[in-house]
Amino acid sequence: MKTNPAECLYCTKNQTQQDLMIKICDLSVSELFLFKEQSYHGRTLVAYKGHVDGLFELTDEERNAFMADVAKTAAAMDKAFHPDKINFGAYSDTLSHLHFHIVPKYQGAFGWGGVFEMNPKQKYLSDAEYTQVIDAIKAAL
């Protein structure tokens, strides 16, 4: 399913995007967001700046730059939060804009040992806590 860029939350930066995530910063070819639902402490999302459906639509150079942004983000999360594992998800069933969920997981914590839940709607933070998490990621980038 192809999403029209005029209806895409990453392209329009609409209220749905603002309800789900907080922009952390721009990376080389993508934007980095903190997912507001924090059942997985430090969960982020890297969204490609251009409206494409998948990796296969990018040139080798564009794909390599995007994956470098994904890897840079995962390394920052590892440095900032020391998770036991980082999961990656690139689901686009209902929103076809290239993006990767980067999900730190911790033994004994929510979701360990299984596929991460897209939006469990269980843990939200205060504004001060969101700022702490974002500052930790920025410091580790």
Side-chain angles (χ1 to χ4, degrees), residues 1-127 129-141:
M1 178 189 105
K2 300 265 184 184
T3 303
N4 180 336
E7 298 170 0
C8 172
L9 66 91
Y10 298 106
C11 295
T12 63
K13 302 177 185 342
N14 64 18
Q15 188 62 48
T16 301
Q17 182 195 57
Q18 294 169 29
D19 291 344
L20 290 172
M21 58 196 77
I22 302 166
K23 184 171 178 181
I24 297 173
C25 64
D26 286 310
L27 299 171
S28 69
V29 296
S30 56
E31 294 178 297
L32 177 59
F33 297 92
L34 181 71
F35 209 71
K36 284 185 178 178
E37 204 295 326
Q38 284 286 295
S39 291
Y40 307 99
H41 179 68
R43 179 179 174 185
T44 58
L45 186 142
V46 178
Y48 190 69
K49 287 181 182 175
H51 188 80
V52 297
D53 184 43
L55 288 171
F56 62 91
E57 295 179 44
L58 302 176
T59 66
D60 290 348
E61 183 179 303
E62 291 167 335
R63 184 198 61 241
N64 292 344
F66 178 69
M67 293 310 294
D69 285 351
V70 170
K72 179 178 182 176
T73 299
M77 290 171 52
D78 187 60
K79 182 178 179 182
F81 307 121
H82 311 290
D84 294 300
K85 181 67 178 153
I86 296 176
N87 288 182
F88 299 86
Y91 308 111
S92 296
D93 295 352
T94 59
L95 176 62
S96 60
H97 183 114
L98 178 60
H99 64 284
F100 269 52
H101 297 265
I102 303 175
V103 185
K105 295 179 79 180
Y106 307 86
Q107 282 187 330
F110 182 82
W112 179 257
V115 176
F116 74 90
E117 290 184 48
M118 189 57 64
N119 192 357
K121 298 181 181 178
Q122 292 189 27
K123 185 174 183 181
Y124 294 89
L125 308 178
S126 68
D127 289 344
E129 291 170 318
Y130 285 126
T131 299
Q132 271 186 317
V133 173
I134 289 168
D135 288 348
I137 293 168
K138 283 182 175 180
L141 282 172

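Just so it is clear, the structure is predicted and the values come from calculations on it, not from any experiment. In this chain, residues are counted from 1 in sequence order.
From K36, atom NZ reaches atom OH of Y124 across 9.5 Å, with rounding to the nearest 0.5 Å. L45 CG to I24 CD1: the interatomic distance, rounded to the nearest 0.5 Å, is 9.5 Å. Taken to the nearest 0.5 Å, the NZ atom of K105 stands 4.5 Å off from the CG atom of N87. A distance of 7.5 Å separates CG in L34 from CG in L125, rounded to the nearest 0.5 Å. Atoms CZ and CD1, from F116 and I86 in turn, are 12.5 Å apart once rounded to the nearest 0.5 Å. To the nearest 0.5 Å, the span separating OG1 on T44 from CD1 on I137 amounts to 5.5 Å.
Sorted by first and then second residue, the side chain to side chain donor-acceptor pair (under 3.5 Å) pairs with a member in residues 107-122 form an empty list; sequence neighbours excluded. Sorted pairs that involve residues 130-140 and meet salt bridge (charged side-chain N to carboxylate O under 4.0 Å, His left out), not counting sequence neighbours, are lacking altogether. Pairs engaging residues 63-72 under the salt bridge (charged side-chain N to carboxylate O under 4.0 Å, His left out) rule: D60-R63 [sequence neighbours left out].
The side-chain hydrogen bond (donor to acceptor under 3.5 Å, both in side chains) test applied to Q15 returns D19, not counting sequence neighbours. Checked against side-chain contact (heavy atoms from CB on, under 4.5 Å), K79 has the following partners two or more places apart in sequence or in another chain: A140. Contacts of E129 classified as side-chain hydrogen bond (donor to acceptor under 3.5 Å, both in side chains), with partners at least two apart in sequence or in another chain: S126. Judged as a ring-ring contact (aromatic ring centres under 6.0 Å, His included), and not counting sequence neighbours, the contacts of H51 are H97. In terms of the side-chain hydrogen bond (donor to acceptor under 3.5 Å, both in side chains) criterion, residue partners of E31 (sequence neighbours excluded) are, by chain and number, K13, K23. Residues passing the side-chain hydrogen bond (donor to acceptor under 3.5 Å, both in side chains) test with Q132: none are found, sequence neighbours excluded. Looking at residues two or more places apart in sequence or on another chain, you find a ring-ring contact (aromatic ring centres under 6.0 Å, His included) between H41 and F81. In this view, F110 and Y40 satisfy the ring-ring contact (aromatic ring centres under 6.0 Å, His included) rule, not counting sequence neighbours. Under the ring-ring contact (aromatic ring centres under 6.0 Å, His included) criterion, F100 pairs with F66, sequence neighbours left out.
Note on ring orientation: taking the six-membered ring where Trp is involved, the planes of H101 and F35 are perpendicular (angle over 60°, cut-offs 30° and 60°).
Of the residues listed (Y91, Y48, Y10), the one engaging H99 in a ring-ring contact (aromatic ring centres under 6.0 Å, His included) is Y10, and it is the only one.
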Test side chain to side chain contact (heavy atoms under 4.5 Å, CB included) on Q17 and T12; report intermediate values, then the result.
CA-CA 9 Å; Q17 182 195 57; T12 63; over 6 Å; no

